[in-house]
Amino acid sequence: MLYDFDYVEAKSLDQASSFLSKHKGKAKLYAGGTDQVVDIRFKNQIPELIVNINKIKGLNYIKQENNFLKIGTLTNLTQIQQSSLLQSTFPSLIDATVPFASFQIRNRATIGGNICHSTPSADMAPPMLVLNSSAKVVSSEKERNIPLNEFFSGPNQNNLKSDEIVKEFILPIPPKKSGNSYLRHSSRGALDIAVAGVACYLELDDKDNVKDAKISLGAVAPKPIRALRSENILKGKKLTSELILKTSTMAVSEAKPISDVRSSLEYRKKITGVLVKRAINLALERCNN
Amino acid sequence: MKNKKINITINGQKHESTVSTKLLLLDFIRENINMTGTKWGCLTGDCGACTILLNGIPVNSCIILAVDADDSEILTVEGLAKDGQLSQIQKSFIEKGAAQCGYCTPGFLISSKYLLDKKPNPTEDEIRYQLAGNLCRCTGYNKIIDAVIDASKKRSS
């Protein structure tokens with residue numbers, strides 16, 4: 001038996017939002033439960049009210065609309081992993097699901113939950129950052145879009161207002177000569193949290209010079225971050241192993257990790273450099289396929 | 001609300017009851033229905049001892065609220081044997097010595113059943129990936145993998 005909280009099942013996001021608004025930051029959403037139930041039991045984060053949004057219909061989809069891909073907030077990680085729509089254009093999202101927890105967890109954990117729980121190590125965050133995605137956010141008052149690059153604000157913190165709920169994620173379809181990747185390191189291959197994670201997006205021009213580059217880092221800063229100075233090193237250049245090495249060195253300096261139970265600060269820096277190199281190379285490989 | 005009436009079908013049998021909205025699905029199965037094959041383990045979704053099929057999909061019942069499983073169908077380890085006959089995966093676990101203390105076995109059986117239903121001839125890598133959410137502290141896993149491979153051969157022959 002869990003601790004004392006009240007419970008409601010929302011019939012719509014509108015209704016869920018008005019519950020959140022009534023309880024002013026003391027209500028929590030429940031969807032897959034994989035973070036929420038654990039937080040209640042072991043972290044003693046007991047909300048006044050649990051708002052179950054799991055039964056709201058029509059929030060579980062991966063679909064293309066014009067030049068955008070839309071992922072419903074209740075889409076689970078297994079559905080992302082098995083999506084043929086994502087396979088060719090958004091492989092970094094699938095990369096992120098592969099080492100993610102376990103099959104049982106992936107069957108319940110939602111993309112909305114992973115992003116909104118906003119842990120610095122959230123595996124879905126780095127690919128979402130380099131893919132230029134945004135979150136469509138609703139409340140009973142209004143709707144707005146938050147670019148993922150402005151979404152996270154600190155460890156387990158984001159810029160959602162207390163009555164706002166992410167309805168879906170919107171990702172522009174990347175151009176043909178582009179590739180994206182995500183690689184992470186953890187001590188165990190499964191059921192482990194990233195020591196560091198790196199996502200890369202590359203776009204090449206007709207002469208195979210880098211037209212656009214994005215790199216993001218997970219688990220090595222208070223929130224998932226973009227490595228902007230590293231990206232700038234790549235832009236407009238021909239990709240050589242020296243350039244990639246220079247970029248990875250810069251990314252290591254942009255990482256601001258801490259030492260914790262999973263890794264020392266020094267090791268996090270070291271592994272970030274390695275992952276940046278590999279993620280660039282994997283994205284490059286995918287540009288050419 | 002603090003209590004809610006739920007309808008859950010477990011191993012083909014309907015159960016209607018009013019439960020606390022704080023009750024975990026695992027506790028509902030063990031305490032309310034008295035089916036203790038599904039185990040309490042870590043209670044964080046890490047060990048897989050509480051694995052059940054919820055509407056045909058493997059999940060950790062220790063991190064799901066019972067009320068969230070209203071109107072669903074559940075398969076637990078008790079539902080694997082039919083008419084007093086063990087299923088092939090259970091026979092293979094016995095034959096290959098895949099259980100030592102046996103505490104993780106119900107979870108492994110459920111995960112393995114799902115895997116073999118979806119993919120009758122999985123490779124060893126596929127088995128290891130798919131069963132990564134079930135932890136065993138006794139066997140070193142090899143005998144469990146052997147049992148799944150054995151069951152896959154015997155089910156398809």
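So you know, we letter chains A, B, ... as the sequences are listed, proteins then strands, and number each from 1. This is a predicted model, so every value here is computed, not measured.
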Legend entry - Contact check, side chains of Tyr129(B) and Phe103(A), non-hydrogen atoms, under 4.5 Å: no
Donor-acceptor side-chain pairing of [X] and [Y] below 3.5 angstrom:
X         : Y         : value
Ser118(A) : Asn158(A) : yes
Asn134(B) : Ser111(B) : yes
Glu95(B)  : Ser92(B)  : no

Would you mind checking which part of [X] comes under 4.5 Å of any heavy atom in chain A, side chain (CB onward), backbone (N, CA, C, O), both or neither?
X        : result
Leu54(B) : side chain
Thr51(B) : side chain
Cys42(B) : backbone
Asp70(B) : both

Inset, instruction - Determine the option with the most heavy-atom pairs under 4.5 angstrom with chain A, choosing from Leu26(B), Val67(B), Asp71(B), Ile57(B). - result: Val67(B)
Inset, instruction - Quick one: which of Leu135(B), Asp68(B), Asp46(B) has the most heavy-atom pairs under 4.5 Å with chain A, could you say? - result: Asp68(B)
Inset, instruction - Please report the closest heavy-atom contact between Thr272(A) and Val198(A), naming both atoms and the distance. - result: O-CG2, 4.1 Å
Legend entry - Proximity breakdown for Ala109(A) and chain B, heavy-atom pairs closer than 4.5 Å: neither
Inset, instruction - Side chain from CB out, backbone as N, CA, C, O: work out which of these in Gln36(A) comes under 4.5 Å of a heavy atom of chain B, or both, or neither. - result: neither
Inset, instruction - Determine yes or no for a side-chain-to-main-chain donor-acceptor pair under 3.5 angstrom, with Thr75(A) supplying the side chain and Asn60(A) the backbone. - result: no
Legend entry - Side-chain (Ser121(A)) to main-chain (Ala194(A)) donor-acceptor, under 3.5 angstrom: no
Legend entry - Option that, when pairs with chain B are counted at under 4.5 Å, heavy atom only, ranks first among Leu191(A), Val38(A), Asn52(A): Leu191(A)
